[in-house]
Protein chains: 2
Amino acid sequence: MPTSRSYRDSCGIARALDVVGERWALLVVRELLLVPQRFSELRHALPHASSNLLADRLRELEHHGVIGRRKLTSTAGPQVYELTEWGRKLEPIVLALGDWGIDAPNPPEPTSLSATSVLIFLRGAARPDSPPIVCRLDLDGSVWTVCVASGKVQVHSGEPATADISLRTDPKTLGSLLADPASLDTALAEGSVALVGDLLALKRLLYGG
Amino acid sequence: MPTSRSYRDSCGIARALDVVGERWALLVVRELLLVPQRFSELRHALPHASSNLLADRLRELEHHGVIGRRKLTSTAGPQVYELTEWGRKLEPIVLALGDWGIDAPNPPEPTSLSATSVLIFLRGAARPDSPPIVCRLDLDGSVWTVCVASGKVQVHSGEPATADISLRTDPKTLGSLLADPASLDTALAEGSVALVGDLLALKRLLYGG
DNA sequence: CCGCATCCGATTGGATACTG
DNA sequence: CAGTATCCAATCGGATGCGG
């Protein structure tokens, strides 16, 4: 009679929530939107989730077919978690939920902000009509490529072939920069942001124009 | 130090989940998408949620500004819960989540299916390019108007001014009908669906064509 | 270190009963 | 009808352990 934890409701909304409605589940999906990640990377991205809980969610999401795991090297070695084809269809929903949540009150400090989160926000905020640019972005040591070209903003993991500008900072600082353009100068001055390349190009990328 | 139940993550997605991520919250929102509802109506729509939990969620959603409560008569009397302007912005997100959840495995029986759920599904499934029609729909005693006109499908609570066809059934039967067109004839025969008007018009409304 | 599993106190969810 | 009060089971969060 434990009747599991299902909503036992035939509606598609309830059935979706049976799969991704439990605590942390959609944040795991968020983390996997840009790139497959390893267990330890997910832990770093979601520092307020305990390890057992994260392991539970990953197992459940895998069991429901939202994510899969793939070995990086054949036969024993590190593995990454990635969205399945079905799981990837959550992307527009999760992004829309993020837009909606912008208007919510801020959570109590201290807060976390993962690289994936801020990159998703940057991708949505960057003006696609700004001039083409390739930016190398080093966030907490992991390297990303932000590319604006022909009206599209792309973000993916790894080194760019060539870069117009190069930025090194951490997710929370980048988040502050996006929220408050005025903070860019002081961040550069105190070294929390290191820039190689044209400052004006960076401002166009982050704030449009 | 209880550090509440917040995700403590600055990302908009996490902040949205701080508001509507708790159990039952989004199903309450779903119930209020079509029409404001009273406490007892919500209980009937979500029979697997206990009363204290429903009261808790309503209080929290109100506190966060997703829903509000309004007195039907001035000074003491019944009250209804309704979405705020901000809460109404969840509609496309919740509908998209429902579309995604259609592909999820069905929950274990027995399942519930509220009038709102099935009407939302009907509204999305009905072909807007079918001929104009006004349908009076009596679901478990509450009356709705389904109106197809000029390429739009509308569903709202209450009696239509005039109706081309009139249907009386319950949400679960209507859900079965939408899922399986072949079940319509037997449902009519055994009386679980009562139709007044043109059967062909009903089939066009439910299944397109 | 990485990828979990185990243990435990604090919260939360669920069912029933009860009150204004 | 519209919720509270109460009790108990399940879950969460945090710390720790542990094999590879």
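Please read all numbers here as calculations on a predicted model, not as lab measurements. Excluded from the calculations below are hydrogen atoms, water molecules and symmetry mates; all remaining heavy atoms, backbone and side chain alike, are included. Lettering follows sequence order; numbering is per chain, from 1.
Following rounding to the nearest Å, A:Glu22 (CD) and C:dT11 (C1') show an atom-to-atom distance of 16 Å. Between the CG atom of A:Leu53 and the P atom of C:dA10 there is a distance of 19 Å, rounded to whole Å. When rounded to the nearest whole Å, the span between CZ of A:Arg5 and C1' of D:dC12 equals 10 Å. The interatomic distance linking A:Leu54 (CG) with D:dT11 (C1') rounds to 16 Å, in whole Å. Taking atom NE2 on B:His48 and atom C1' on C:dA15, their separation rounds to 13 Å, with Å as the unit. The CG atom of A:Leu42 sits 16 Å away from the C1' atom of C:dC1 (whole-angstrom rounding). For B:Arg8 and D:dG14, the CZ to P distance is 6 Å, given to the nearest whole Å. One atom, CZ of A:Arg70, and another, C1' of C:dG3, lie 18 Å apart when rounded to the nearest Å.
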N/O-N/O pairs, protein side and nucleotides 4-7 of chain C side, under 3.5 Å:
residue	atom	partner	partner atom	Å
C:dC4	OP2	A:Arg69	NH1	3.4
C:dC4	OP2	A:Gln79	NE2	2.8
C:dC4	OP2	A:Tyr81	OH	2.4
C:dA5	OP2	A:Arg59	NH1	3.1
C:dA5	OP2	A:Arg59	NH2	3.2
C:dA5	N6	A:Ser51	OG	3.0
C:dT6	O4	A:Asn52	ND2	3.1
C:dC7	N4	A:Asn52	ND2	3.4

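Tested against B:Gln37 for a side chain to side chain donor-acceptor pair (under 3.5 Å), the candidates B:Glu82, B:Glu31, B:His44 yield a single pass: B:Glu31.
Note that CG of B:Leu27 and CG of B:Leu32 are 11.0 Å apart. Values are rounded to the nearest 0.5 Å. Between the OG atom of A:Ser117 and the CG atom of A:Leu174 there is a distance of 11.5 Å, given to the nearest 0.5 Å.
Surrounding CZ of B:Arg123 are more than 12 heavy atoms belonging to other residues, nucleotides or ligands, all under 6.0 Å away. More than 12 heavy atoms of other residues, nucleotides or ligands lie within 6.0 Å of CD in B:Glu190, so this atom counts as buried by the packing criterion.
Contact annotation: B:Ser50 side-chain N/O to C:dA15 OP1/OP2 distance is not under 4.0 Å. For the OP1/OP2 pair of D:dC12 and a distance below 4.0 Å, the side-chain nitrogens and oxygens of A:Trp24 include no atom meeting the criterion. At least one side-chain nitrogen or oxygen of A:Arg23 sits closer than 4.0 Å to the OP1 or OP2 atom of D:dG13. Residue A:Arg38 places at least one side-chain N or O under 4.0 Å from the OP1 or OP2 atom of C:dG3.
The main-chain N or O of A:Ala163 is never found under 3.5 Å from a side-chain atom of A:Arg136 such that the two would form a donor-acceptor pair.
Using cut-offs of 30° and 60° for the angle between ring planes, the A:Trp100 and B:Trp86 rings count as parallel.
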